[in-house]
2 protein chains.
Amino acid sequence: MTPATTAAGTRDLPHPAREEIRLEGVLHALSDPVRLRIVRDLAADSDELFACSYFDLPVTKSTTTHHFRVLRECGVIRQTYRGTAKMNGLRRQDLDALFPGLLDALLAAAGRQAARLGTD
Amino acid sequence: MTPATTAAGTRDLPHPAREEIRLEGVLHALSDPVRLRIVRDLAADSDELFACSYFDLPVTKSTTTHHFRVLRECGVIRQTYRGTAKMNGLRRQDLDALFPGLLDALLAAAGRQAARLGTD
DNA sequence: GTCAAACTACGATGTCCTTCGTACAATGCA
DNA sequence: TGCATTGTACGAAGGACATCGTAGTTTGAC
């Protein structure tokens with residue numbers, strides 16, 4: 001009855017290895033406003049994990065699922081199940097190792113633009 | 001016979017003003033490998049202008065035109081006519097003013113990845 | 001065992017994007 | 001004037017993408 005489960009409360013999700021993360025993929029992932037919003041919120045509390053339902057996004061649940069999957073498959077976030085929730089965290093270590101300074105510059109740029117446009 | 005010309009050898013092209021440049025647009029523009037390649041080449045000699053034909057791209061001429069237009073409309077490059085050629089230059093000042101450090105971080109990340117993958 | 005909560009899978013839809021070929025326009029030079 | 005160079009416009013094809021609704025799965029709690 002539980003074909004995809006392996007252990008108690010643990011379904012594994014496919015993540016790219018660090019070396020498989022591509023800059024173009026990261027940029028594409030962050031070029032969508034909804035996904036950029038998610039990443040900014042995750043970065044605000046970088047040591048914490050947040051469930052998908054934590055985010056207040058202007059799209060439906062299934063679209064939300066889609067965006068989180070894109071972020072995971074591009075290597076921007078890591079997703080793990082915890083009970084019925086799916087916890088999300090930035091892959092800061094991996095991204096910083098691959099592209100030092102990039103994530104900080106992107107987040108600073110996003111923050112700057114949000115302040116400038118009053119979209120915060 | 002020259003409906004779009006205004007002065008000798010001068011046809012103007014629409015560019016977004018600095019304040020109109022959006023981070024999402026810049027990231028989208030750079031998420032394409034061909035366009036990222038163009039921007040890297042432009043940045044290698046940041047004070048110089050290069051004609052479209054300068055670049056050795058793996059696409060046809062009309063596709064090249066398309067990519068340069070995307071870069072211009074997103075505010076990443078500035079294009080000016082010079083004779084029959086169209087000169088291209090990075091909008092470094094505008095981008096640095098809007099998003100300090102972003103362009104450098106992006107170029108460094110692209111260079112790092114190219115070195116890692118042997119795509120240089 | 002039942003039920004609600006959280007998330008997924010699937011299919012549909014409309015839009016945007018990349019790419020191309022072909023035909024055309026603008027410029028400078030012989 | 002004729003011609004080569006450089007780039008554009010237009011349309012088309014094929015794929016990718018964002019969005020949604022509905023139905024289903026997984027989990028924990030009662």
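Here is how names work: the chains are called A, B, and so on, in the same order as the sequence lines, proteins then strands, and each is numbered from 1. Keep in mind that this is a model prediction, so the values were computed, not measured.
For the atom pair A/Leu103 CG and A/Arg91 CZ, the distance stands at 12.5 Å (nearest 0.5 Å). From B/Asp104, atom CG reaches atom CG of B/Asp96 across 6.0 Å, with rounding to the nearest 0.5 Å. Atom CD in B/Gln79 sits 7.0 Å away from atom CZ in B/Phe68 (nearest 0.5 Å).
With distances taken from any side-chain atom of B/Ser62 to the nucleotides D/dA9, C/dC7, C/dT19, the minimum falls on D/dA9. With D/dG7, C/dT19, C/dC7 as the choices, the nucleotide that has an atom nearest any side-chain atom of B/Val34 turns out to be C/dT19.
Atoms CZ (A/Phe68) and P (C/dC7) sit 8 Å apart, rounded to a whole Å. Rounded to whole Å, atom C1' of C/dC20 lies 12 Å from atom NE2 of B/His66. Atom CG in B/Leu30 sits roughly 16 Å away from atom C1' in C/dC17 (whole-Å rounding). When the C1' atom of C/dC7 is taken as reference, atom NZ of A/Lys61 falls 7 Å away, rounded to whole Å. The distance from atom NE2 of B/His28 to atom P of C/dT15 is 17 Å, rounded to the nearest whole Å. With rounding to whole Å, B/Leu13 atom CG is found 18 Å from C/dA25 atom P. Regarding A/Phe50, its CZ atom lies at a distance of 16 Å from the P atom of C/dA6, rounded to whole Å. Rounded to whole Å, the distance from CD on B/Glu24 to C1' on D/dA18 is 15 Å.
In this structure, B/Thr63 reaches the bases: a heavy-atom distance under 4.0 Å links it to at least one base atom across the strands shown. Among the atoms of the strands shown, only primed sugar atoms or phosphate atoms (P, OP1, OP2) are found under 4.0 Å from some heavy atom of A/Ser53. Contacts of B/His67 with the nucleic acid, taken as non-hydrogen atoms under 4.0 Å apart, involve only primed sugar atoms and P, OP1 or OP2.
Summarising the local packing, CG of A/Asp56 is surrounded by 12 or fewer heavy atoms from other residues, nucleotides or ligands at distances under 6.0 Å.
Regarding contacts with the backbone of D/dC20, a side-chain N or O of A/Thr60 is found under 4.0 angstrom from either OP1 or OP2. Between B/Arg82 and C/dT27, a side-chain N or O to OP1/OP2 separation shorter than 4.0 Å is absent. Distances shown here put a side-chain N or O of A/Arg69 below 4.0 Å from the OP1 or OP2 atom of C/dA9.
Between the side chain of A/Thr84 and the base of D/dG28, no donor-acceptor pair under 3.5 Å is found. On a pure distance criterion of 3.5 Å, no polar donor-acceptor pair joins the side chain of B/Thr65 and the base of D/dG7.
Across every non-hydrogen atom of A/Arg72 and A/Pro16, the tightest pair is O-CD, 3.3 Å.
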